[in-house]
Each structure stands twice: as structure tokens, then as C-alpha cells.
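Some notes on the structure that comes next.
Chain A is the first sequence line, chain B the second, and so forth, proteins listed ahead of strands; every chain is numbered from 1. Every heavy atom of this structure was used, including side-chain atoms; hydrogens, water molecules and symmetry mates were not.
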Amino acid sequence: MTEPVRTRFAPSPTGDLHVGNVRSALYNWAYARHNGGAFVLRIEDTDAARSTEESTRGVVEQMSWLGLDWDEGPGIGGPYAPYVQTGRLELYRDVVALLRDAGYAYDSYSTDDEVKARRAVRGDKTQGYDNYDRELTDAQVGAFRAEGRTPVVRFRMPDEPIVFEDMVRGEVRFEPGNVPDYVLARADGSPLYPLTNPVDDAVMGITHVLRGEDLLPSTPRQIPLHAALRSLGVASGPMPRFGHLPMVLGEGRRRISKRNTPEASLLQVRAEGFLAEGILNYLALLGWSPGGDQELFTLDEMVAAFRVEKINRNPATFDVKKLTAINGVKIRSLEPGEFVKRLLPFLVRRGLLTSPVSDAQLELVAAAAPLVQERSATLVEAADLLGFLLVPDHHFAIDPAAGAKVLTPATAPVLDASLAVLTDVASWTAEDVQEVLQSALVDGLGLKPRVAYGPVRVALTGRTVSPPLFESIELLGRDRTLDRLRAARAGLGAAPGMG
RNA sequence: GGCCCCGUCGUCUAGAGGCCCAGGACGCCGCCCUCUCAAGGCGGUAGCGCCGGUUCGAAUCCGGUCGGGGCUACCA
């Protein structure tokens, strides 16, 4: 009962992680942390065709970025190293030999077509392997070999029901005959997932496995395999407990794909400026809840509250809108300095800052950051809002739609009046700027505030939406402010765009 | 087709027989605040798939039905 908990996240390094993977990682990580256990990261790269060393590094990088730290695995090693399956090939080969010698597994020569043909003859519509090669005679084997066939190795499924207590679903039962003998190793001897995954779980002493529901049907294959491994002395610990997480669905309740749910890619949401805190908090909610009405929490709070019994059984749809809302909360709760730190790469990426950021630039960003932090749901949004302030002057341009809508010839008096008072304003502070503009435009010209400030905003920021105007003017500085007002004034009547 | 899983607002969920003619959040719609946009405040919209049964009483238990999803590879 008090065995130390050991969980793992075992992705295959194909492409990048998607939200379903990340949630599995998060739950396993949280379960281990909640119980003071160990979290293992293992790379399942036995499919050489789809795995690259680069994507393995990618998995490691993304896990680090998320802040889901592992106690054993790539980069830090551990008592069961290596934690990359291509480094464990001899183990799998030995295990296959052991299984075969003990009669738990056997050579199988049937081709797909032969299986289908047999089923057709029987009028059997069932799909999948038919266990034909279980009791081949020496003569048959000899004949196959004479043909040059090389066999795959299949596990012999026991002839009894397989029943297990799923941590999230309760008792799940598979009757004998519904799970065909499956392939452990290819004809060329290379091991397959149905072998490597349970073997490593057994050898590494994994106690709890939380994984997607898509793997539920593979569980009845793992259980007898684990028992066989134990009888052979390969595994010593108890059978892992399994918990199958509800699927994470994409747009329209369909399986997630790059096409229907591009935001399901971790790389993608990162590029869009979502924070690890936001992604993790949102994903935690997809299939789990602490109970009650709480939805926002830190990682530590989640760990403290995480209990498997609270995991849901029904599939969940990934919703970017809610992710965005939660991310906004996380952005606002960042320390100002931290916010700037996370924002910087996004500003550099869009050419608003030069790569080694100068002190002056840093100071400007730091001064402007609070203005955008409270009105951005993503870092990309924040970077957008800061564009007018950081863009090199010769690249500043007014959005054509905004110009056409707001900078009409009728607004010439507004720009003229603004130029006049801003040229003379004594101290260049948001307060004084507001005071002179208000008296000139609102009091002087008798305009409603929104009508008065609209043209000024577009002239200075190029857009109808911007950080607060007076603070923006202060940060822009007198010279740039006056230049942009003059340019906008000069452009009235003609095409409003510039340089 | 076979096997397995699932079914509360559009979405994520709370709910473990009376506290629920169902609560929260996101979204959406109004209003307030307001130099734009956000944030914030207030209000609104919308749901227990269906049919039986058990029970004094069911979103909660049972059966069926319909619907959705997963697996059915010498991928993982």
C-alpha cells in the first residue's frame, strides 16, 4: 500500500507534442509529485522511420519549457538508464528469446492475405490475426522456411478473461478470444511497442500508468505479458495500475489533427504567445477538476489537489477560447519583470528589437509593458500593441483601414490643435499631455472625448486600438509625436498611408 | 462487422437519492465604467440524449435504446 509511486511519460519522438500528450505528461507528473514519488521520462523511438534524434531533443526541450521536471530520463540518467529505447535493443531481444523459449511466445509465418483468406472461408467477418500459427507442425515450419519466410514473434494470449480495475473507469473486462495473439518483434527481429512499452514499465518499476483512452484496448495485452515477465524473473514488482484518460478532441468533436485544430500543437501555441502556466492550467481542466468551482490554480496548487478519482471519463473538446481566457489571467498575474522577460523574444522575432537588446530599448519596453500586460491574453497580442512604440520610424505606417475611417479631412482641426498645444506643453508627462489635449480638443473644439482622441490615436499608433493614449504619447516622446502628427496632417485628403 | 469506453448549458465542468424547477467558468448578448481596446462590475442566454424500472423522492441507482468516441498494423 505504501509502495513508492513511480509514473512515467513515454512519448514517441515524432514531430512535436500535442495537447493530448502534454496532458498525459501533466497528470503523470502531478500524480508522482502529489505522492512524493518519481516521474520518469522515457523516449519510445523504436520506430526508426518516424523518430529522429532531433525530435527526441525536441521532447526534452518542450518538457523543460513546460516545467514538468523528471527524476529519471534523458539528460539526467537514472538507475535504469538508458531511457531511450533505441539504446535498449539488447534487452528486448533477450526478453523475446526468453518468452519464446518458455512458450509464452511463438513464431508466426502467416501473411495478412492468408489470414484474410482463412477468415473468408469460414465466413468470419472478424478482423485481425487468427492465432493460426500457434501449433504449427515441424513439417509446416520447414516448408515456410524453405520458402524463405522469416517469422514474426507473437505473444500467446491466455485463454481466460482479463479483468482489471482501471483507476478512472473501474472494472474493465475482456473475454478470451477477443484479443488476438499480437506481434512482439518484427521478422527482422526489431521489437515493437506492445513489447517495449510493458517491458520497460516492468523493468523500471513503474507503478501507475495514466495514458490516453486510445490505449485501453492494449491493456489486456500488457497484463498477461507482465505476468509472463514476472514468472521469468524479468519483472519483480507488482503489475502497474492503469488509468485511461478521456480523449482530447479537436474542433467539431473530431480527432485532433493539424488541419482541424492547429493550436493543438505545443510548438504552435508557444509561438502564439501562450504561457506554460496557461497551457498547463487549461489542460489540467480537460478531464480533471479539483471539485467545486475552482478553475484557476498554480502548478503547486494543482499538485496538492490532484487526485485520480477526480478524473473524468468522458472525452473533452479542446477550446482555444477558454485557453486564451485562462492565459490572459496568467499573463496578468506575472511579475512585471517576468512579463518583460517573456515578452522580449517575441519583440525580437518580429524585428521590433535588435537581438542584443540595448539598455535604452529595455528601459522603454519596461516602461510600456504594464500598459499592455493588463490588456493582452497572449504575448503575441502584447507585442502587437507595442509595435507603434518600437518600430523604426521609417517603418511606421498607418493601417489603411484605420486611416480611411478615422483620419478624414474633417479632422484636420483636431490634428492642428493637437500639434499646437503639444509643441508648447511644458512638461512631457501623460498628465500634462492629457490636460492640454483635453482643453484644446474637448473644451476648445467642443468634441466628445472619443471623437477628439480618435484621430490622434491613429496618427500616432497607426491603429484604432492601442495602449492608453496619453501614456503612449509620453513614451513616444515629443519629437516622434510631433513628427507623426505632422505627417498625418499632411496626408489628409490624399492617401493617408505613409512611409 | 467485432471488442472496449463514454453521454449535465455551444464548450470545459460541479453534482456521488431529497441541499438542484441543476451551480461555476469560457463563449455569446445587454448595461455600467471609459480616450480606443482590454480588465473590472452588474444582468441575461443556454443543459441532466431518449424510454422504461427501483424509490415517498433520480441528473444521481438498474435495464434498454439512441448517439458519440477508441481499437481492430511486422505505428506508437
Does a nitrogen or oxygen in the side chain of A:R375 sit under 4.0 Å from OP1 or OP2 of B:rC37?
no
Regarding A:F174, tell me which of base, sugar-phosphate or nothing describes its non-hydrogen contacts under 4.0 Å with the strands shown.
sugar-phosphate
Do any side-chain nitrogens or oxygens of A:T126 fall under 4.0 Å of OP1 or OP2 in B:rG1?
no
Should the side chain of A:R313 and the base of B:rC6 be counted as holding a donor-acceptor pair, with the cut-off at 3.5 Å?
no
At under 4.0 Å between heavy atoms, what does A:V152 touch on the DNA or RNA strands: base, sugar-phosphate, or nothing?
base
Measure up the A:F297 and A:W288 rings against each other and bin them: parallel (under 30°), tilted (30 to 60°), perpendicular (over 60°).
perpendicular
Can you see if the side chain of A:T46 gets near the phosphate of B:rA76 - specifically, an N or O under 4.0 Å from OP1 or OP2?
yes
Which is true for A:L192 with a 4.0 Å heavy-atom rule: it touches a base, it touches only sugar-phosphate, or it touches nothing?
sugar-phosphate
Do A:Y132 and A:Y109 have their ring centres less than 6.0 Å from each other?
no
Considering every strand and a 4.0 Å limit on heavy-atom distances, what is the contact class for A:A187: base, sugar-phosphate, or nothing?
base
Using only side-chain N and O atoms of A:R154, determine if any of them is under 4.0 Å from OP1 or OP2 of B:rC74.
yes
With heavy atoms under 4.0 Å as the rule, sort A:L215 into base, sugar-phosphate or nothing.
base
Using a heavy-atom cut-off of 4.0 Å across all strands, would you classify A:K448 as base, sugar-phosphate, or nothing?
nothing
Taking only N and O in the side chain of A:R255, is any of them less than 4.0 Å away from OP1 or OP2 of B:rC71?
yes
Any side-chain heavy-atom pair of A:E213 and A:L245 under 4.5 Å
no
If you take atom types as modelled and just measure distance, does the side chain of A:E295 reach the base of B:rG24 with a donor-acceptor pair under 3.5 Å?
yes
Are OP1 or OP2 of B:rA14 and a side-chain N or O of A:N312 less than 4.0 angstrom apart?
yes
Phosphate contact (B:rA73 OP1 or OP2) by A:K116 side-chain N/O below 4.0 Å:
no
Please confirm whether A:Y282 and A:F274 have ring centers closer than 6.0 angstrom.
no
At under 4.0 Å between heavy atoms, what does A:R119 touch on the DNA or RNA strands: base, sugar-phosphate, or nothing?
nothing
Tell me the partner of B:rC50, counting only Watson-Crick (N1-N3 plus N6-O4 or O6-N4) or G-U wobble (N1-O2 and O6-N3) with both under 3.5 Å; none if nothing fits.
B:rG64
Between A:P11 and A:R173, which has a closest nucleotide on RNA chain B that is more 5'?
A:R173
Base partner of B:rU36, which must satisfy Watson-Crick or wobble distances under 3.5 Å
none
When we call it a touch if two heavy atoms are under 4.0 Å apart, what does A:E471 touch: a base, just sugar-phosphate, or nothing?
base
Is the ring pair A:F155/A:Y104 parallel, tilted or perpendicular, if the boundaries are 30 and 60 degrees?
parallel
With a 4.0 Å cut-off on heavy atoms, is A:P468 in touch with a base, just the backbone sugar-phosphate, or nothing at all?
base
So which nucleotide does B:rA59 pair with, by the Watson-Crick or G-U wobble rule with both distances under 3.5 Å?
none
